[in-house]
Amino acid sequence: MPGSVKLRSVKKFGQENDGYEFSDEGKLRPIYGPFKYYAQSIKAIFTVLDMLYCRFALQFRFASCREICMMIFGSICAIIHGSAQPLMLLVFGMLTDTFIEYDIELNELTDPEKVCVNNTIQWRNLTEEENLALNMTKSCGVLFCFRLLDIEYEMTNFAYYYVGIGAGVFILGYLQISLWITAAARQIQIIRKMYFRKVMRMEIGWFDCTSVGELNTRMSDDINKINDAIADQVGIFIQRFTTFVCGFLMGFAKGWKLTLVIVSVSPLIGVGAGLMALFVAKLTGMELQAYAKAGAVADEVLSSVRTVAAFGGEKKEVERYDRNLVSAQRWGIRKGLIMGFFTGYMWFIIFLCYALAFWYGSSLVVDTQEYSPGTLLQVFFGVLIAALSLGQASPCLEAFAAGRGAATIIFETIERKPEIDCLSEAGYKLDKVKGDLEFHNITFHYPSRPEVKILDQLNLQVKSGETTAFVGPSGAGKSTAIQLIQRFYDPKEGMVTLDGHDIRGLNIQWLRSLIGIVEQEPVLFATSIAENIRYGRPGVSNDDIVTAAKEANAYNFIMDLPQKFDTLVGEGGGQMSGGQKQRIAIARALVRNPRILLLDMATSALDNESEAVVQEALDKVRMGRTTISIAHRLSTIKNADVIVGFEHGRAVERGKHEELLDRKGVYFTLVTLQSQGDKALNQKARQAASSDPDAERKSLNRAGSYRASLRASLHQRSRSQLSNVVPELSVAITGELGPRSYSETHSGLPDDDSEEVEPAPVARILKYNAPEWPYMLFGSFGAAVNGGVNPVYALLFSQILATFSMPDPVEQRREINGICLFFVVVGLVSFFTQLLQGYAFSKSGELLTRRLRCLGFQAMLGQEIAWFDDHRNSPGALTTRLATDASQVQGATGSQIGMIVNSLTNIGVAIIISFYFSWKLTLVILCFLPFLALSGGFQAKMLTGFAKQDKEAMEAAGQISGEALNNIRTIAGLGKERNFVEMFEAQLEAPYQAALKKANVYGACYGFAQCVVFMANSASYRFGGYLVYQEGLHFSFVFRVISAIVTSGTALGRASSYTPDYAKAKISAARFFQLLDHIPKISVYSDEGDKWDHFKGDIEFIDCKFTYPSRPDIQVLNGLSVSVRPGQTLAFVGSSGCGKSTSVQLLERFYDPNSGRVLIDGRESTRANVAFLRSKIGIVSQEPILFDCSIEENIRYGDNQRHLSMDDVIAAAKKAQLHDFVMSLPEKYDTNVGSQGSQLSRGQKQRIAIARAIIRDPKILLLDEATSALDTESEKTVQEALDKAREGRTCIVIAHRLSTIQNSDIIAVMSRGYVIEKGTHDYLMSLKGAYYKLVTTGAPIS
C-alpha cells in the first residue's frame, strides 16, 4: 500500500539501523485515527530510545568508567527529578480538597441553628438520632472538635510539603546537570585532541579538498553540537520523559475514566499539529523555491554585473527580480494564514477540552461522587503536564540528531587513514645524502581537480650542488614539481628519487628535514623573530640563529629593532615589511642547514631595493647545496647552472641562458617580453625624472610594486591549483572586462566581514512598513484579544472550583454548565483572533520583506563597479545579504509586534484581575515574579548554552588551530606538526576547566529555576490560607490570583525570548540601510552629466594613470596616451596584466582614472552622463555572459532604452552570422540558452554576444579578445561577423592572436600600463621592436 510504514527489526549495537521502511514516494503520510497522535508520540519515543541505544551511544565511545558512573548517577537524579511535578499534583489535590471542605463548613456553620458536634455538622436543637435520620453526616473540624477546620494549620503543612519538594528538586536539578556536563567536558576534550591530531596528520591533498573554513567550523561548531548532544540535554530529556510517564500513570491511577475522556480528545490537537506541520512545510518549500528563483536571478545578475552595466540593464533586472518576489510573497502570506488558522484551531480544541474535562469531571464529583474536586484536578493536570513534557522533550531530540550528524563527520575523520602520514615513524633514513634528485615519467593531477593534468610524463634531473632554475608560464607545473619533492603529494604515475631512492620509501619527517624552502609569500608565525627562525630546526642555539640571520642579510635590520631578536612579528608576520619577512624566512630555511634548497619565486613580491638585498643573500647560501629556483623575474636566474623550461606539465627545454636564447623557445619568449617592458619603463622614468627629481624613485618603486602585483597574481594563479579554488569562479570577472588578476588576489584582503554596525532605529524600519498600517492595526487588535485569553482562563478555572462548595445542587449544575459554555465561547473568540493576527501580520511582514529586497537589489545595481571588487561584496555575499537581512528585518515588525502586544495584554489583564480580587496576595506573589522571570532567563540562557563563555575559552586554542590549518604547507614543510598538536592540547586545559566551573554554576542555576516555582507556591498558598481565615477572602480568589499571575509570568518569559530576534532585526536593518544610504561615486541612476547629439566616437586617452581601488598599491595604467578617430580600429596587444582591458573599462566608465583624462568627442568622460555614454558603446568579451533566458531576450538585452521589434532582432542576428543557426533549432529564437549560456557552444555564444552588441547600433565597439577562446572553424565565422560589425564604427580590439589585428588602423603595444610602440602593422614591423619579435617568433602573449 502506498505511503505505508513498516517496522523493521532493530539491529545490533553499532549497526546502521533504518527503523522504518518508507513507501515509494519516500513520504510518511499522516494516518488519521483516534489514537494517531499518541501512536506518533510513542513511535517517536521508541525511535529516540532506539537512537539512544544504537547510533547515539557511539557518541559516548570516549567515556571512561568514571564518566559512565557520572552519567548513570545523573540519569537516576533526572528520573527522580522528573517525578517531582506529578508528586506536587498530589499535594495540590489535597490542598484544593482542604480549601473546598473549609468553604463548605463555613457555609454550613453560618446558619446559627447548626453546630459542629463530634466532627459532624448537626442541628442544634435535635438529638443525634434525629440528625442521623435527616442525613446530617457532613464532617467538620477534623482536627479541632466543635470549631471550624483550622485552615492556617493545614496550609502551613502543605507549605512544608512544597518547600520539601522544592529543596529536593534543587539538589536533584543541580546533580543532574552538573554530572552530565562534567562527564561530557572530559569526552569533548578527548574528541578535540584526537580530531586535531588526526587533521594535522593528513596529507596536503586532503586539505585541498577540504576548506580551512570548513575545518575550523568542525573544530568549533560540530564538536559543540556533539557536546550539546551528550551533556545536559540528555539529563533534561530523561527528566521530561519521566514526567510524561508519571503524569499519565497518575491520571490512570487516580481516575481512569476522566483520563480516557481527555486522551480521546487529544488526537484532535495532534491532527491539527500534524496538518499544520504538513502545510507549513509544503508552503515553506514553495516559498523557498520562489525565493530561490529570485535568488538565482540576483546571483546571475550580480555575477554578471559588468555586462548588466555595459548594456544598461539595471532597471530591467530590478523588475525581473521583483516579478520573482511576488510569488514568494504570495506563498508567505498563505503560510501566515494557515499558521493562524491552525493555531486558532488548536486553541479552540484546547478550550473545548477544558470544557469537556470540567463538565464530565464535575458530574463525577457532584452527581456520582466518585472523585473529590482534588482528584479531578490531579487527573486533569496530570495528563496536561504529561502532554506538555512530551512537547518540551522535542528540542532535545533536535540536539541529539544534530549531535549524531556532527559526530558521524568528526569520527569519520578520526578513523580516516592519511595517504601520506607525516607523523609516521616508518621509512628509511639514508646515512649519507648527496642531493641528486630525479623525476621519472611523472604524471600528476591535484586531488581537488582530478580532470586537469598538471604534470604530463615529466622527466627531469637535478644534480647535487647545482642551481637549477625552473621557468615557464603560469600553470606549467613548476611549483607542483617542488611540492612533489617535499612529498606533499605522491604522483599518480612515475616516481621522484633522491640519490636513486624512491622518496616514498623514505621517512617523511627526515626527508623534509633535509629541505629548506623559501616561498614568494613566506608564512611567519605569531611569535618572536628568534622563535620563527628556531622553527627551522628544534634545539638550535642562539649563535646558530645569529649566523643564519647574518647569512640571510637579516642581522642588521633585526639589531636595529628595539627588541632585536625578541621582536614579535605579529599575526602572519604583519608587523614586518615584505623584504624583512622574506629574509627571516631565508634565515629559517638556512638554520636547518638543508641539503636541498627550494626557492619558489623568493624575491618576486619585493621592491627593487629589497630584491637586491634578498637576492644577494640567496646567491650566498646556494653554494654547495642542491638548489631549485622558480622565478618569473628572469634576470634573477641568468646565472643558474641549468635552466629548465616548462610548458604544459613537461620540461620542454634545458640548458644555460645563452643556449636557450638561441633556441627561441619558451625561455626566449619570456625574456623578450620582459626586457621590452623594462626598457620602456626605464625610458618613461628618465623622461619623468627631467621634470620631477623625485619621480624616478617613485616610478621605479611603482614599477617594482607593479611587477610584484603581476608576479603575485601569476603566483596566486599557480597557487590556486594547490588549493581547492574552483576554476570557473574567475570567469565571472576575467570573462568580462575585469581586472585580470583580481579574482585570484582578492583572497589576500583582510577579512573584516564582521564590521560593527549601530542597530537601526525602529522608527525607520516601521517607516518602510508604513503603507501596511491597516494590517498592522487589525493584527494588533487580534493579538491584544489573544493576550486576554489566558487570564480569562484563570478566572473560569477558579470559578469552577468555587461551584464545588455551593450548597444547592441545581444552582451548582447550572453554574458549571454556564462556565463550560463560556470556555467554548472563549475558544471560538481565540480561533478568530488568531486567524486575524496570523493573516494580518504575515501580509504586512511579507510586503515589507519584498519592498526591502527590491530596494536593496536596486541599490546594489546602482553601485559603481569598484564596489563589487571588494571581497565583502562578492555575488554570493550580496545574494545572502538580500535573502537573510531582508527577512530578518521582519523580526522588528510584523508578527513580532503581534507577539509583544499579546504578551503585554496578557500581563496587563492578569495584573488587573489579581489586584481587583486581592491586592495583598497579589503583592506577595509579585515578590516572586522577579525570581520567576530570573528562572525564565536562566532557562533561556541554558537553551542557548553558555555559548559566549565557551567561545572565549576556546579562542586561544582556536587561534592555534586556525594558524596551523591556514599555514599547513609551511608547517608540513618545516615538519612542525607535533609542536602545533602539543600547543593545541595545552590550550584545551582552560576550556576544560571552564566547562567544569560551568557545570557547577549551570547546575545550581537549573536547580534554582526548577525549585523557585515550588517556593512561590508554598508562600502563596500559606498566605492565602491566612487571608481566607483572618480576612474572610473566598478561597476561589486565592486560586484566581495565583493562576492569573503565573500565566502572566510565562507571558513575560515569552516576551523576553523575542529580544534576540528583535536585536538581530535591528542589526540586519542597519546593514540594509547602510547599503541604501551608500552613495556611488559613478551613479548609473543619476540624470546629471552631459548628453550630446551627433555622437561621433572620437576617443583619446591622455596620460591616464590608474590603480584598482581594491589594490591601491599596484599601478595598472602608468601614463597611457593613445587616441583613435571616428571609424578607426585601435588594437591593443601586450602581456596579461599590462592594462589593455583596464583601458576599455575606463572608457565604459566602470572606473575613472586617478589622474589624466579620457576624452570622448573632446569631452571629459567623467562629465558625461553614465547611462548616455554606455548606450553608445557595444562590447563583446572573450567569455561573453549570457542570461538564463531565450536567444531573443538575450539579443534584445543589447538595447534596454527602447522597444525592439522582432525584425530588429533578426537583422542583428543576420549581421552576426547567427540567423541560420538559430533557425535550425527546434524552438528557434525562443530556445533557452541555459545558465551562463551553458546550452550553446562557445562560437554560438560569441555570435549571440555580437548580435547583442550590434542591436544597440553603438558608435563605439569594444572587442575584448573576442575570438581567443574559439577553435579555428568557429573563429573564422565569428571573425567574419566581427569584421562586418566594425564597419563605420570606432573600434577598440584586444587580441592575443596577432593575425586577427594586422588590418587595424593603429596597433598599440602595451607593457606595464604604458604604450611602448604604436602604428600600423607595416610600420611596427619596420621598427623591429617588441611587435616584430612577437610576430616573427609567433609566440602567444601569455
Side-chain angles (χ1 to χ4, degrees), residues 306 309-310 680-681 683-685 687-688 690-692 695 698-699 702 706 737 739 864-866 869 1080-1084 1086 1088-1109 1111-1112 1114-1132 1134 1138-1177 1179 1258-1262 1264 1289-1294 1305-1306 1308-1318:
R306 285 179 160 77
L681 207 71
Q683 187 185 341
K684 172 89 176 156
Q687 286 169 7
S690 58
S691 57
D692 176 1
K698 285 184 203 158
S699 164
R702 251 203 314 266
Y706 175 68
L737 322 167
E864 72 274 13
I865 299 293
D869 291 347
K1081 296 184 183 75
I1082 302 173
S1083 173
V1084 69
S1086 164
E1088 291 172 17
D1090 301 346
K1091 299 179 183 178
W1092 60 95
D1093 301 328
H1094 311 301
F1095 188 99
K1096 295 197 282 290
D1098 186 347
I1099 301 166
E1100 193 171 359
F1101 291 89
I1102 303 173
D1103 198 27
C1104 288
K1105 293 182 179 170
F1106 177 71
T1107 59
Y1108 282 107
R1111 293 173 293 148
I1114 297 162
Q1115 195 76 29
V1116 181
L1117 292 184
N1118 209 354
L1120 173 70
S1121 294
V1122 68
S1123 62
V1124 56
R1125 297 283 155 258
Q1128 283 189 333
T1129 296
L1130 163 68
F1132 281 128
C1138 68
K1140 305 185 299 292
S1141 296
T1142 304
S1143 51
V1144 164
Q1145 300 195 64
L1146 294 187
L1147 191 58
E1148 281 268 15
R1149 269 203 85 191
F1150 287 169
Y1151 305 92
D1152 285 335
N1154 301 28
S1155 68
R1157 297 181 299 160
V1158 180
L1159 299 184
I1160 295 154
D1161 288 358
R1163 300 164 193 254
E1164 277 200 39
S1165 63
T1166 48
R1167 296 207 181 135
N1169 177 278
V1170 180
F1172 166 77
L1173 176 61
R1174 288 179 187 166
S1175 72
K1176 302 296 178 191
I1177 301 174
I1179 182 156
K1259 292 288 180 257
I1260 301 170
L1261 189 62
L1262 308 176
D1264 188 357
R1289 296 190 169 96
T1290 307
C1291 188
I1292 295 182
V1293 184
I1294 294 173
D1305 300 299
I1306 307 164
V1309 183
M1310 286 184 76
S1311 180
R1312 308 214 181 134
Y1314 175 65
V1315 175
I1316 51 176
E1317 48 187 54
K1318 63 182 173 190

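Numbers here are sequence positions counted from 1.
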Visitor: Could you state the interatomic distance from NZ (Lys1259) to NE2 (His1094), rounded to the nearest 0.5 Å?
Guide: 11.0 Å

Visitor: So which heavy atom on Ser1143 is nearest to which on Phe1132, and how close?
Guide: OG-CE1, 3.3 Å

Visitor: Taking side chain to side chain donor-acceptor pair (under 3.5 Å) as the definition, give me every residue that meets it alongside Asp1161, ordered by chain and number, with sequence neighbours left out.
Guide: Trp1092

Visitor: Taking side chain to side chain contact (heavy atoms under 4.5 Å, CB included) as the test, write out the residues that go with Thr1290, two or more places apart.
Guide: Ile1099, Val1124, Pro1126, Ile1260

Visitor: Just how far is it from atom CD1 of Ile1160 to atom CG of Leu1173, taken to the nearest 0.5 Å?
Guide: 4.5 Å

Visitor: Atom CD1 in Ile1177, atom CG in Leu1262: separation rounded to 0.5 Å?
Guide: 6.0 Å

Visitor: Are the side chains of Val1122 and Lys1318 in contact, using a 4.5 Å heavy-atom criterion?
Guide: yes

Visitor: In the structure I gave you, are the side-chain heavy atoms of Leu1261 and Thr1129 within less than 4.5 Å of one another anywhere?
Guide: no

Visitor: So, taking the atom named CD in Gln1115 and the one named CZ in Phe1106, what distance separates them when rounded to the nearest 0.5 Å?
Guide: 9.5 Å

Visitor: Applying side chain to side chain contact (heavy atoms under 4.5 Å, CB included), name anything that partners Ala866, two or more places apart in sequence or on another chain.
Guide: Glu864, Pro1109, Tyr1151

Visitor: Evaluate the criterion side chain to side chain contact (heavy atoms under 4.5 Å, CB included) for residue pair Cys1104 and Val1158; output intermediate values, then yes/no.
Guide: CA-CA 7 Å; Cys1104 288; Val1158 180; 3.8 Å; yes

Visitor: Pair Val1315, Met1310 - check side chain to side chain contact (heavy atoms under 4.5 Å, CB included), show working.
Guide: CA-CA 4 Å; Val1315 175; Met1310 286 184 76; 4.1 Å; yes

Visitor: Determine the minimum heavy-atom distance between Pro1153 and Leu1146, stating which atoms define it.
Guide: N-CD2, 3.9 Å

Visitor: Which is it for Tyr1108 and Thr1142 under the side chain to side chain contact (heavy atoms under 4.5 Å, CB included) test, yes or no, and what are the steps along the way?
Guide: CA-CA 9 Å; Tyr1108 282 107; Thr1142 304; 2.8 Å; yes

Visitor: For Asp1305, give me all partners under side chain to side chain donor-acceptor pair (under 3.5 Å), at least two apart in sequence or on another chain.
Guide: none

Visitor: Are side-chain heavy atoms of Glu1148 and Arg1174 found at a separation under 4.5 Å?
Guide: yes

Visitor: Please enumerate all residues that pass side chain to side chain contact (heavy atoms under 4.5 Å, CB included) together with Ser1123, with sequence neighbours excluded.
Guide: Glu1100, Arg1125

Visitor: Counting distance only, does the side-chain N/O of Asn1169 pair as donor-acceptor with the main-chain N or O of Glu1088 below 3.5 Å?
Guide: yes

Visitor: Would you sort out whether Val1144 and Ile1179 count as a side chain to side chain contact (heavy atoms under 4.5 Å, CB included), showing the intermediate values?
Guide: CA-CA 10 Å; Val1144 164; Ile1179 182 156; 4.3 Å; yes

Visitor: Quick one: side chain to side chain donor-acceptor pair (under 3.5 Å) partners of Thr1166, sequence neighbours excluded?
Guide: Glu1164

Visitor: Work out which heavy atom in Ile865 is nearest to a heavy atom in Arg306; give both atom names and the distance.
Guide: CG2-NH2, 3.3 Å

Visitor: Please check if the side chain of Arg1289 supplies one atom and the backbone of Pro1258 the other of a donor-acceptor pair under 3.5 Å.
Guide: yes

